[in-house]
Trainee: 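Quick one: structure below, then a few questions.
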Amino acid sequence: MNTLLDTGLAVRGLRKSYGGREVLKGVDLTVAPGELVALLGANGSGKSTALRCVVGLAEADAGEIRVAGTSLRGLSGAELTRARRAAAMVFQQIHLVRRRSALDNVCAGGIAGLPLSRSLSPVLFPRELREHAMACLDRVGLADRAHDRAGSLSGGQQQRVAVARALCQGARVLLADEPVSALDPAAATQVMALLAELAHEDGLAVAVVLHQPELARLHADRLIGLIDGEIRLSTPAALLSEEDIAALYRGERG
Amino acid sequence: MTAQRTRPGLSVPRRNRKPFYLGVVVVVCLLGAAHVLAGRATDFSPGALVDGWHGMADFLAEAFPPKLDWDKVVQPALEACLVTLAIGLLGTTLSVPGALLLAVLGMRGRNPVVYQVSRSIMSFLRAVPDVVFALIFVTAVGLGPFAGVLALICHNMGVMGKLWSEAMEEIDSGPADALRVAGAREAQVIANAVLPAVVPSLVGLLLYRFDVNVRASLVLGLVGAGGIGFLINQSIKLFQFDVLATYILLVLVLIIAVDLLSALVRRRLND
């Protein structure tokens, strides 16, 4: 329908229930390439679930998901995995293998297409993959820490390694589930600036679940607000008002 | 600040729960009865121990001083200790591939049929004592250390597989999820997310099993698998209690050495 969306993310009518409770009540979400969209909302409003449905960590009950121009509807097995590979995910808990080096962790993002004989241990990873991973590490500004153990890096550095891993996956759509909730303010700003750069300079479609409206206003292009599984707010970041923010989080108090 | 702002004299709400004293009394009575029955079943009688004290005294008098004849006692015993150690080492190492396979297949949350089959195999291997395995293998390869090694491999595969699969289930599933999202296949996820995270605890459990297996190979020696256990059995049959005392001292040294070594390596791993 829209050539702009051929490399972005488009979600239509997404529904999901857990044990009878509707978490997503028909969510429409579009993220264009080159755009950073922040998802705001109280705990339990469905922000994370929406992202998890896109990458397959949760199974949507209804709705259509298009990743980089390919609809996931009707796909299964290897085809579904391949289509989903265009979307990468970054987590609040970072989820790196702490005992492995930063570079090996980044390489792991790109092993999906490799035969088992080249992917069961870092010593078997092909040189092209290692070079690609090095470029990704360089993109997040950590080329000099390539051989450091992931666990020895600071929280902000670890999250940037996780972003590099997502880049190594070759994703066109980058999803981030509260990527800065566990980081100090300086590191949080750095990671958010990196995500904005990846959208604006590298043309990725970036969707970030955030709990800090201030960070969203600073770094995002567009804000989407969810209340009880429905989108109630969609506004350019510059136009976000204090009343909007209060309305989003009102349900949690009382 | 909070001191002034708390409401004074707030009564503690009653918990809506029946008193449980009766339950405690019943449990204590049942446990008491079980112990009385167990005492009867095992002919537990402190009187018999007191009456027969001189039997032990005679034994100890004969055992001390230990016989420290180098050529006839100490040197053969040291060689036998090395055989015991070797049985424990091979029995542990050679069970690693099988244990790893059973552990990975026996992890919860994958194919339920594979899970049940793998759990059943491990339960069977654990349920059959290593001594019984040894007796079975003796019929194939004859008396000697080799039968002991084979027995330990079988039994240890079951025990270590179970310990390992539990260790793998306990780790954080986050890194594995991250690789699944990246499109990695299950074998790639295990090799690149699960195994690297659990290797320290797997090696710790491996060393613990080596420790246990060296002691087990001692018992296997008693039923004919060679090593220091075999010599101990002989010395008892020949009533050479002073020689027996020497063997037991050497076993003590061997066990302490293995224990210290594995503790040292485990501490290094956890850093």
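We use all heavy atoms of the structure for the numbers below, so side chains are in, but hydrogens, waters and symmetry mates are not. In the text below, chain A, chain B and the rest are named by the order of the sequence lines, each starting its count at 1.
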Trainee: Does the side chain of A/L116 reach to within under 4.5 Å of the side chain of B/R185, using non-hydrogen atoms?
Mentor: yes
Trainee: Can you say whether A/R165 sits under 4.5 Å from chain B via the side chain, the backbone, both, or neither, judging by heavy atoms?
Mentor: side chain
Trainee: Between B/Q188 and A/L120 (side chain of the first, backbone of the second, donor and acceptor by atom type, cut-off under 3.5 Å), is there such a pair?
Mentor: no
Trainee: Is it the side chain or the backbone of A/A87 that comes within 4.5 Å of chain B heavy atoms, both, or neither?
Mentor: backbone
Trainee: Is A/R100 close to B/P196 at the side-chain level, that is, under 4.5 Å between some pair of heavy atoms?
Mentor: yes
Trainee: Run the side chain to side chain contact (heavy atoms under 4.5 Å, CB included) check on B/D172 and A/Q93 step by step: do they pass?
Mentor: CA-CA 10 Å; B/D172 170 28; A/Q93 305 88 340; 5.8 Å; no
Trainee: Search all heavy atoms of A/A112 against all heavy atoms of B/A182 and return the closest pair with its distance.
Mentor: CB-O, 3.4 Å
Trainee: Got more than 12 heavy atoms from elsewhere within 6.0 Å of OH, B/Y115?
Mentor: yes
Trainee: Does CZ in B/F124 sit with more than 12 non-hydrogen atoms of other residues, nucleotides or ligands closer than 6.0 Å?
Mentor: no
Trainee: Mind running side chain to side chain contact (heavy atoms under 4.5 Å, CB included) on B/R180 and A/L57 for me, showing each step along the way?
Mentor: CA-CA 9 Å; B/R180 279 193 199 104; A/L57 286 175; 5.5 Å; no
Trainee: Taking all atoms of both residues into account, what is the closest heavy-atom pair of A/V97 and B/A193, and its distance?
Mentor: CG2-CA, 4.0 Å
Trainee: B/N192 side chain to A/S121 main-chain N or O, any donor-acceptor pair under 3.5 Å?
Mentor: no
Trainee: Assess whether atom CD of A/E59 is packed by more than 12 heavy atoms of other residues, nucleotides or ligands within 6.0 Å.
Mentor: no
Trainee: Tell me which of these, A/I94, A/L114, A/D104, has more heavy-atom pairs under 4.5 Å with chain B than the rest.
Mentor: A/L114
Trainee: What pair of heavy atoms forms the shortest contact from B/V181 to A/Q169, and how long is it?
Mentor: O-NE2, 3.6 Å
